[in-house]
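Take a look at the structure below.
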Amino acid sequence: MQVSSLNEVKIYSLSCGKSLPEWLSDRKKRALQKKDVDVRRRIELIQDFEMPTVCTTIKVSKDGQYILATGTYKPRVRCYDTYQLSLKFERCLDSEVVTFEILSDDYSKIVFLHNDRYIEFHSQSGFYYKTRIPKFGRDFSYHYPSCDLYFVGASSEVYRLNLEQGRYLNPLQTDAAENNVCDINSVHGLFATGTIEGRVECWDPRTRNRVGLLDCALNSVTADSEINSLPTISALKFNGALTMAVGTSTGQVLLYDLRSDKPLLVKDHQYGLPIKSVHFQDSLDLILSADSRIIKMWNKNSGKIFTSLEPEHDLNDVCLYPNSGMLLTANETPKMGIYYIPVLGPAPRWCSFLDNLTEELEENPESTVYDDYKFVTKKDLENLGLTHLVGSPFLRAYMHGFFMDIRLYHKVKLMVNPFAYEEYRKDKIRQKIEETRAQRVQLKKLPKVNKELALKLIEEEEEKQKSSWKKKAKSLPNILTDDRFKVMFENPDFQVDEESEEFRLLNPLVSKISEKRKKKLRLLEQQEHREKEEEEEPEGKPSDAESSESSDDEKAWVEEVRKQRRLLQQEEKVKRQERLKEDQQTVLKPQFYEIKAGEEFRNFKDSATKQKLMNKTLEDRLKIEAKNGTLSVSDTTVGSKQLTFTLKRSEQQKKQQEAEKLHRQERKRLRRSAGHLKSRHRRGRSFH
């Protein structure tokens, strides 16, 4: 899959695979397809989506299930079923097709206009009827309300064929010598035809009278445009009830409002080639205009370019798949083009997997040269001593050089320079050394906050890179370069407190490791001031030494954890003794309070709680009463609330309950002691 991007709009070419030379025979291409994995893995969205030589026109049925295309040679029409992603049928024709129209929702009714003046009707089963028009036809349109076909061509008359009556009707007489294109507005049925003189004539099919005339040739000439001949109308398309786009033979597209004879906008393709087709994209207010070289997508309100698509081969026709971002093109090549632009819309229902595929696909530029062939210049041939192969089948002339087989190129280069591998090895070693130098710890780049943590992360990253030659590990994001953790190394509030109890228990070896890091920092500073010498490859440690080191580290870690726990217990004991001494030294002084007249003194705590309770709202007081058990809320059958208050128990009742509780506990204790005495007595008797 080839990916191109213009104005940050990605275009995926689904009909593009590994590029193969055109001068290869079909037999060699088939053999290459069996051997080469890349050729076999090309994305083939629809099977056999191509023509023998050239594709001329392409259209989609109204239900979106069938794609019909005509081409040569021999003249034929092919119908593809999108639900099956394969060819539905193929029918050969007597002559080449100029254009065709699908009258039904599927492929059951099709009309073909041939280049030998014949009109051919096809049904679901195949050929149905053939008739002829007086002059060579160039385009036709179907008027659904009256079942009339309007044909324009190398004549001033517009021929009308009624499909209900099965006969020709009186033609429409225009002022033009010849007519190139025509279209019918689907909203109000206005018929428009583009003439060879650069005018557009609009007719009312109900009265068969001309209702308007636009001089597009005069309006297409601007101050910047260079016109060598009279512009003719080459494309015509309606959108809605009032908008019409007109394409000229000199490469201009004019956008009209039917209520005015002046164009709203004039867009120049700058190639001077006739406009082949014009399409409207309503969701983004875009117009897709195509000539034989390029497809341009631009905003219909401002004329600003949205994106453009330039295929490798000349274009004959362009079809926009309805309600999606897929483009189908008929090219001057056997393969028909399929392009997917996610910005224009989602993928069609029959290939919805394209949305997931394009999201995961990385943008890798495709190589423009052939993968199995090496391009060499004349100077390269002289260095290799292969100038005598010019003109032989081993070299294919191309532009300023030649293409030769990549295997032959490698063999000859190895014979000419046998020490090329040693030079390549030295270059690789030099690159590795430069990479390791670049990965050293830069002291100046350490953050101001959590320096120890940053240095620890850098060391872990270096260890991962050193051990990458042993086993491939999953690449995880680095916290230092991640924007989500950037505040942790900038804000002092995130500074790690190494004196806290949690940190000392979780990191018992932090003191030893910090000393090692400080020592390493000093060594790195000395190494930076020293002159750089040639570095040798580091030798790895044996597995026994690594295992012994790991076991020693585990023992040291356990000892350090125990030591930290003992220190924490001693510190806590000292703090408790200090608090006890302070309590003993403090002397309690009597405090006197005045009671207001008429009030009875009970308890300080009761008065304080009563005051707090009075300051609260009724809702809060009800919640407190419900928690204490003095209030219960229940729903009645009518739907109202019922509140039940219970009085608090008196002090005498509470004392009586506490005495009963103590009495029960005392009886339980006496029972347990009596049981113990009995068990001891039994054990003494069994012993005697």
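These figures come from a predicted structure and were not determined experimentally. FYI, the numbering just counts along the sequence from 1.
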- Query: Donor-acceptor pair, Glu201 side chain versus Thr174 backbone, under 3.5 Å?
  - Reply: no
- Message: Counting only heavy atoms from other residues, nucleotides and ligands, does the tally under 6.0 Å from CD of Glu8 exceed 12?
- Response: no
- Heavy atoms from other residues, nucleotides or ligands near NZ of Lys237 exceed 12 (cutoff 6.0 Å): no
- Message: Using the side-chain hydrogen bond (donor to acceptor under 3.5 Å, both in side chains) criterion, which residues pair with Asp204? Sequence neighbours excluded.
- Response: Arg206
- Query: Is the closest side-chain heavy-atom distance between Ile294 and Leu309 below 4.5 Å?
  - Reply: no
- Message: Salt bridge check, Asp94 against Lys130: does any charged N sit closer than 4.0 Å to a carboxylate O?
- Response: yes
- Item | Phe127 atom CZ, over 12 foreign heavy atoms within 6.0 Å | yes
- Any donor-acceptor N/O pair, Asn239 side chain to Met244 backbone, under 3.5 Å: no
- Check whether any side-chain heavy atom of Val60 lies under 4.5 Å from a side-chain heavy atom of Leu68, and answer yes or no. no
- Query: Tyr142 versus Leu103: any side-chain heavy-atom pair under 4.5 Å?
  - Reply: yes
- Message: Around atom CG of Asp63, are there more than 12 heavy atoms from other residues, nucleotides or ligands closer than 6.0 Å?
- Response: yes
- Query: Are Leu161 and Leu169 close enough that some pair of their side-chain heavy atoms sits under 4.5 Å apart?
  - Reply: no
- Item | Between Ser308 and Glu310: side-chain donor-acceptor atoms closer than 3.5 Å | no
- Decide, yes or no, whether a salt bridge links Arg138 with Glu178 under the criterion of side-chain N to carboxylate O below 4.0 Å. yes
- Item | Main-chain N/O of Arg76 paired to Arg91 side chain as donor or acceptor, under 3.5 Å | no
- Item | Non-hydrogen atoms of Pro311 and Tyr339 that approach each other most closely | CB-OH, 3.6 Å
- Message: Under 3.5 Å, is there a donor on one side chain and an acceptor on the other for Asp355 and Tyr340?
- Response: yes
- Message: Could you report the tightest heavy-atom contact between Leu14 and Leu45, atom names first, then the distance?
- Response: CD1-CD2, 3.7 Å
- Rounding to 0.5 Å, atoms OG1 (Thr377) and CZ (Phe375) come to a distance of 7.0 Å
- Task: Check the pair Phe140, Phe151 against ring pair (Phe, Tyr, Trp, His ring centres under 6.0 Å), reporting the backbone distance first and the verdict last.
- Result: CA-CA 4 Å; Phe140 72 95; Phe151 295 92; 5.3 Å; yes
- Message: Are more than 12 heavy atoms, taken from residues, nucleotides or ligands other than Tyr83, located less than 6.0 Å from that residue's OH atom?
- Response: yes
- Side-chain donor-acceptor pair under 3.5 Å between Ser289 and His269, yes or no? yes
- Can any side-chain N or O of Ser104 pair as donor or acceptor with the backbone N or O of Lys109 at less than 3.5 Å? yes
- Give a yes-or-no answer on whether the side chains of Thr56 and Thr70 include a donor-acceptor pair shorter than 3.5 Å. yes
- Could you grab the distance from atom OG of Ser86 to atom CG of Asp81, nearest 0.5 Å is fine? 6.5 Å
- Would a distance-only check, ignoring hydrogens and angles, find a side-chain to backbone donor-acceptor pair under 3.5 Å from Arg160 to Asn170? yes
- Distance col, row Ile196:CD1 vs Asn180:CG, nearest 0.5 angstrom, shows 5.5 Å
- Query: Any salt bridge between Asp106 and Lys62, counting N to O under 4.0 Å?
  - Reply: no
- Item | Ring-ring centroid check Tyr80 Tyr66, cutoff 6.0 Å | no
- Message: What verdict does the side chain to side chain contact (heavy atoms under 4.5 Å, CB included) test give for Arg208 and Trp203, after you've listed the backbone C-alpha separation in whole Å, the side-chain angles of each residue and the deciding distance to 0.1 Å?
- Response: CA-CA 6 Å; Arg208 297 186 297 279; Trp203 293 72; 5.6 Å; no
- Message: Regarding Thr195 and Asn179, do their side chains bring together a donor and an acceptor under 3.5 Å, going by distance alone?
- Response: no
- Query: Who are the salt bridge (charged side-chain N to carboxylate O under 4.0 Å, His left out) partners of Glu120, not counting sequence neighbours?
  - Reply: none
- Task: For the residue pair Tyr373 and Ile406, establish whether any side-chain heavy-atom pair is separated by less than 4.5 Å.
- Result: no
- Give a yes-or-no answer on whether the side chains of Asp148 and His143 include a donor-acceptor pair shorter than 3.5 Å. no
- Message: Assess, by modelled atom type and distance only, whether the side chains of Ser95 and Asp116 contain a donor and an acceptor separated by less than 3.5 Å.
- Response: yes
- Checking Ser141 side chain against Tyr150 main chain: does a donor-acceptor pair fall under 3.5 Å? no
- Item | Residue Lys59 excluded, over 12 heavy atoms near NZ under 6.0 Å | yes
- For Arg78, does the CZ atom sit with more than 12 other heavy atoms under 6.0 Å from it, leaving out its own atoms? yes
- Message: Using the rule given for salt bridge (charged side-chain N to carboxylate O under 4.0 Å, His left out), can you reason through Arg210 versus Asp175, listing the C-alpha separation, both sets of side-chain angles and the distance that settles it, and then say yes or no?
- Response: CA-CA 10 Å; Arg210 193 176 70 183; Asp175 294 340; 2.5 Å; yes
- Taking all non-hydrogen atoms of both residues into account, name the closest pair between Ala245 and Leu255 and its distance. CB-CD1, 4.3 Å
- Backbone N/O of Cys55 and side chain of Asn316: donor-acceptor pair under 3.5 Å: yes
- Task: Would you please test Lys276 and Asp317 for side chain to side chain contact (heavy atoms under 4.5 Å, CB included) and show each step?
- Result: CA-CA 7 Å; Lys276 295 277 187 178; Asp317 193 13; over 6 Å; no
- Query: Quick one: do Glu50 and Lys335 make a salt bridge, cutoff under 4.0 Å?
  - Reply: no
- Task: Please round to the nearest 0.5 Å and tell me the distance separating atom CE of Met326 and atom OG1 of Thr82.
- Result: 9.5 Å
- Message: Would Phe100 and Thr57 count as a side chain to side chain contact (heavy atoms under 4.5 Å, CB included) here? Give the steps.
- Response: CA-CA 8 Å; Phe100 70 95; Thr57 54; 3.2 Å; yes
- Do the side-chain N and O atoms of Asn219 and Tyr256 include a donor-acceptor pair separated by under 3.5 angstrom? yes
- Query: Can you list the residues that meet the side-chain contact (heavy atoms from CB on, under 4.5 Å) rule with Ile305, with sequence neighbours excluded?
  - Reply: Asn7, Lys267, Lys296, Trp298
- Task: For residues Leu354 and Ala347, report the shortest heavy-atom separation together with the two atoms involved.
- Result: CB-CB, 3.9 Å
- Message: Quick check on the 6.0 Å ring-centre criterion: do Phe136 and His114 meet it?
- Response: no
- Side-chain (Ser324) to main-chain (Tyr321) donor-acceptor, under 3.5 angstrom: yes
- Between Leu214 and Leu254, is any pair of side-chain heavy atoms under 4.5 Å apart? no
- Message: With a sphere of 6.0 Å drawn around OH of Tyr73, does it hold more than 12 non-hydrogen atoms of other residues, nucleotides or ligands?
- Response: no
- Item | Worked verdict on Val158 versus Phe191 for side chain to side chain contact (heavy atoms under 4.5 Å, CB included) | CA-CA 11 Å; Val158 178; Phe191 172 75; 3.8 Å; yes
- Task: Mark yes or no for whether Thr72, through its side chain, and Lys74, through its backbone, hold a donor-acceptor pair below 3.5 Å.
- Result: no
- Query: Can any side-chain N or O of His279 pair as donor or acceptor with the backbone N or O of Val318 at less than 3.5 Å?
  - Reply: yes
- Message: Which label fits Tyr107 and Phe89: parallel for a plane angle under 30°, tilted from 30 to 60°, or perpendicular past 60°?
- Response: tilted
